[in-house]
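Naming: A, B, ... by sequence-line order, numbering from 1 per chain.
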2 protein chains.
Amino acid sequence: MKATIKDIAKATQLSTATVSRVLSRKEGTYREETAKRVLAAAEKLGYRRNVAAADLASNSLKTIAVILNNTQTNFWQGILDGIQEAALKNHRQFIIFYAGNNNPAMLTQALNNALERQIAGILLVATKMNAEQLAILQHANIPYRFVSIYDPSQLDRTYVSSDNVVIGRLACQYLIDHGHSQIAFAGLDRSATGRERLLGYQQAMTKAGLTIDPTWILNGDYSFENGQSLFPQIHEADVTAVVAASDMIGAGIIQAAAQARVKVPDDLSVISIDGTQVCQMTNPTLTCVQQDFFTIGATSLNSLINNEQS
Amino acid sequence: MKATIKDIAKATQLSTATVSRVLSRKEGTYREETAKRVLAAAEKLGYRRNVAAADLASNSLKTIAVILNNTQTNFWQGILDGIQEAALKNHRQFIIFYAGNNNPAMLTQALNNALERQIAGILLVATKMNAEQLAILQHANIPYRFVSIYDPSQLDRTYVSSDNVVIGRLACQYLIDHGHSQIAFAGLDRSATGRERLLGYQQAMTKAGLTIDPTWILNGDYSFENGQSLFPQIHEADVTAVVAASDMIGAGIIQAAAQARVKVPDDLSVISIDGTQVCQMTNPTLTCVQQDFFTIGATSLNSLINNEQS
DNA sequence: ACACTTTATGTAAACGTTTACAATACAATT
DNA sequence: AATTGTATTGTAAACGTTTACATAAAGTGT
């Protein structure tokens with residue numbers, strides 16, 4: 001039988017109101033000595049606050065929900081660390097709902113589970129939504145942010161990500177600067193994220209006076225396997241270099257290249273986008289355009305709570 | 001203003017009790033036709049269940065908390081997928097609390113946050129606890145399981161993991177079978193997990209009539225960087241092969257070996273423990289003893305809910 | 001026609017907090 | 001001495017559900 005504030009009230013001969021005030025630190029509404037008695041009793045009884053009851057009573061939503069989609073790529077950690085730091089600074093708690101591995105049914109479920117809780121807002125990490133899910137989200141009338149991956153249908157300020165046009169441009173420019181003129185772009189998905197990176201790539205090519213062969217653009221899903229499976233097409237295409245849409249894509253390409261005895265970077269240069277630890281694990285190591293996932297995570301949380309009314 | 005069952009009751013001219021019964025599917029207590037009316041009204045009003053209130057009223061704890069420690073290794077995904085599948089089968093929800101990157105303060109916080117919610121039990125993924133945290137956990141009088149990494153202080157049945165002795169033995173035996181007799185063991189931490197794997201390694205060596213030089217045992221923390229930094233010691237030690245305590249350790253060793261122009265596997269054989277995707281990203285790819293993370297995750301959840309009274 | 005069972009619904013208390021408002025005690029001011 | 005103000009505590013309603021118990025209506029068997 002768990003101890004409640006009533007038990008503490010009884011033990012200290014105080015009212016539950018006073019106990020509550022002490023326990024939720026409503027400073028200036030109680031005497032130091034009273035606080036000591038209450039805290040001592042709480043400690044002794046092994047009291048633990050019941051957030052559900054508290055939220056229900058106060059009708060104030062403090063908790064942030066994070067929906068985590070298990071993409072094959074691995075940058076959650078940085079994003080979560082950023083979210084955590086920002087949450088700490090703002091005295092917010094966040095809880096994570098797992099949406100499985102790009103599984104629409106699980107995502108719907110995670111979304112519903114989150115919305116059934118008393119929640120101040122939702123952060124969607126690496127999440128792609130279908131129309132139905134988007135409708136649920138918008139209907140809920142709760143602030144949300146797409147983090148790192150987002151869709152073109154999103155309005156202003158509902159997503160937080162790197163500047164993907166710049167990223168695409170930087171990656172491509174790096175290869176151009178190293179003397180390449182036939183450059184593929186591999187592993188893009190059809191989200192706005194993918195499209196913008198592609199745009200950056202196109203800008204860099206155009207600015208350098210280079211033309212792009214349509215066979216150089218290879219769609220995908222950011223995964224390692226996808227990188228491996230795209231390699232033959234890259235190899236056949238008439239290119240000397242490739243921008244990989246993620247580290248995982250890059251690693252997959254490098255691995256498949258090694259298998260096919262194609263030398264990287266001599267026969268094929270690879271640059272990837274993300275900058276996770278994966279870049280150091282391949283042989284040769286991957287050159288990359290780095291995303292600051294920590295900042296993306298922190299920014300998304302801040303943006304969410306500074307604009308909760310939205 | 002969110003819709004509540006009261007609103008639905010008003011709209012349908014029914015009592016909140018009946019609405020509640022329909023909404024929580026207490027079959028056989030209402031007519032089909034009533035259910036239709038209720039559901040229609042719920043839909044129309046955009047009703048969403050308030051889990052907090054429901055849990056509070058029913059006093060039944062359904063939600064499982066998962067505490068996720070961000071180790072440098074990357075097997076969460078498999079474990080989470082396993083937990084998710086088991087949760088689905090048992091009609092349970094789970095929510096994840098992030099404990100940061102091996103950060104004791106964050107872990108304490110995550111633990112407290114979890115305990116403040118209405119929670120049926122706790123799954124601790126890759127979590128190492130200090131005495132204070134363990135005391136909190138045990139004091140809470142809630143069932144829990146350590147998943148994959150656990151401490152020797154844990155009692156029977158409070159952890160779910162691979163058979164780490166067997167894993168250590170298998171890894172070592174593989175190398176022995178391939179003709180090695182001087183075998184190092186690198187990257188072990190001081191948890192029971194680490195110790196048991198070491199024991200398995202020792203068993204295999206002893207059984208093969210081989211003696212172990214103390215300099216062959218290298219402690220660590222399962223991380224990629226740790227693998228890289230251990231390489232010089234492995235190189236200096238008089239060994240032809242090494243068991244890496246994790247894929248990350250293995251990848252680190254391989255990378256450092258490549259840098260040092262030591263040929264793997266000709267000059268140094270490496271076998272790793274885990275079997276994550278990382279094994280395919282190195283060059284050469286890593287041979288490994290595979291852990292079934294999915295099953296570990298699923299088993300841990302099942303074990304938890306089948307023994308909740310504990 | 002009777003008692004008895006079954007089915008469907010309603011009434012109201014309970015869960016553990018928070019908080020508006022009321023009440024008290026005491027000090028300071030006039 | 002009466003008044004006002006301030007600091008501290010208490011009273012009780014409210015949050016959105018669930019559920020034991022009560023009730024009513026309809027069906028069953030004799």
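Side-chain proximity of A/Ala17 to C/dT11, C/dT19, D/dT18: nearest is C/dT19. With distances taken from any side-chain atom of A/Ala53 to the nucleotides D/dG10, C/dT17, D/dG16, the minimum falls on C/dT17. Checking C/dT19, C/dG16, C/dG10 against the side-chain heavy atoms of A/Leu56 singles out C/dG16 as nearest. Which of D/dG10, D/dG16, D/dT19 sits closest to the side chain of B/Asn50 comes down to D/dG16. Checking D/dT9, C/dT17, D/dA12 against the side-chain heavy atoms of A/Thr34 singles out D/dT9 as nearest. Each of C/dG10, C/dT18, D/dT17 was ranked by its minimum atom distance to the side chain of B/Ile5; first place goes to D/dT17.
The separation between A/Arg117 atom CZ and D/dT17 atom C1' is 14 Å, rounded to whole Å. When the P atom of C/dT9 is taken as reference, atom NZ of B/Lys10 falls 20 Å away, rounded to whole Å. Computed from coordinates, the A/Lys26 NZ to D/dA7 P distance equals 18 Å when rounded to whole Å. B/Gln118 has its CD atom 17 Å from the P atom of D/dG16, to the nearest Å. One can place CG of B/Leu14 at 20 Å from P of D/dT23, the figure rounded to the nearest angstrom. The separation between A/Asn59 atom CG and C/dT18 atom P is 13 Å, rounded to whole Å. A/Arg21 places its CZ atom 13 Å from the C1' atom of C/dT17, with the value rounded to the nearest Å.
Between the CZ atom in B/Phe75 and the OG1 atom in B/Thr276 there is a gap of 9.0 Å [rounded to 0.5 Å].
For D/dT18, one of the phosphate oxygens OP1 or OP2 lies less than 4.0 angstrom from a side-chain nitrogen or oxygen of B/Arg49. The shortest distance between the side-chain N/O atoms of A/Arg31 and the OP1/OP2 oxygens of D/dT9 is below 4.0 Å. At the phosphate of D/dG10, neither OP1 nor OP2 sits under 4.0 Å from any side-chain N or O atom of A/Tyr30. Contact annotation: A/Ser58 side-chain N/O to C/dT17 OP1/OP2 distance is not under 4.0 Å. Contact annotation: A/Ser15 reaches the phosphate of D/dG10 (side-chain N/O to OP1 or OP2, under 4.0 Å). Taking only side-chain nitrogens and oxygens, B/Thr18 comes nearer than 4.0 Å to OP1 or OP2 of C/dG10.
Among the protein residues, A/Gln13 comes within range of the sugar-phosphate backbone only, with heavy atoms under 4.0 Å from sugar or phosphate atoms but none that close to a base. In this structure, B/Ala54 reaches the sugar-phosphate backbone alone: every heavy-atom distance under 4.0 Å involves primed, P, OP1 or OP2 atoms, never a base. Using a 4.0 Å heavy-atom distance criterion, B/Leu23 is classed as making no nucleic acid contact. Residue-level contact check: B/Thr4 touches the backbone only, with heavy atoms under 4.0 Å from sugar-phosphate atoms and none from bases.
Using a 4.5 Å heavy-atom cutoff, the side chains of B/Val125 and B/Val66 are in contact. Contact of the B/Asn306 side chain with the B/Leu304 side chain is not registered, since no non-hydrogen atoms from C-beta on lie closer than 4.5 Å.
The pair B/Asp189-B/Lys128 counts as a salt bridge, with a side-chain nitrogen and a carboxylate oxygen less than 4.0 angstrom apart.
Evaluation of atom-type donor-acceptor distances gives no pair under 3.5 Å for the side chain of A/Arg48 against the base of C/dG16.
For B/Phe146 and B/Tyr159, the gap between ring centers reaches or exceeds 6.0 Å.
Side-chain atoms of A/Gln133 come within 3.5 Å of backbone N or O of A/Asn130 as a donor-acceptor pair.
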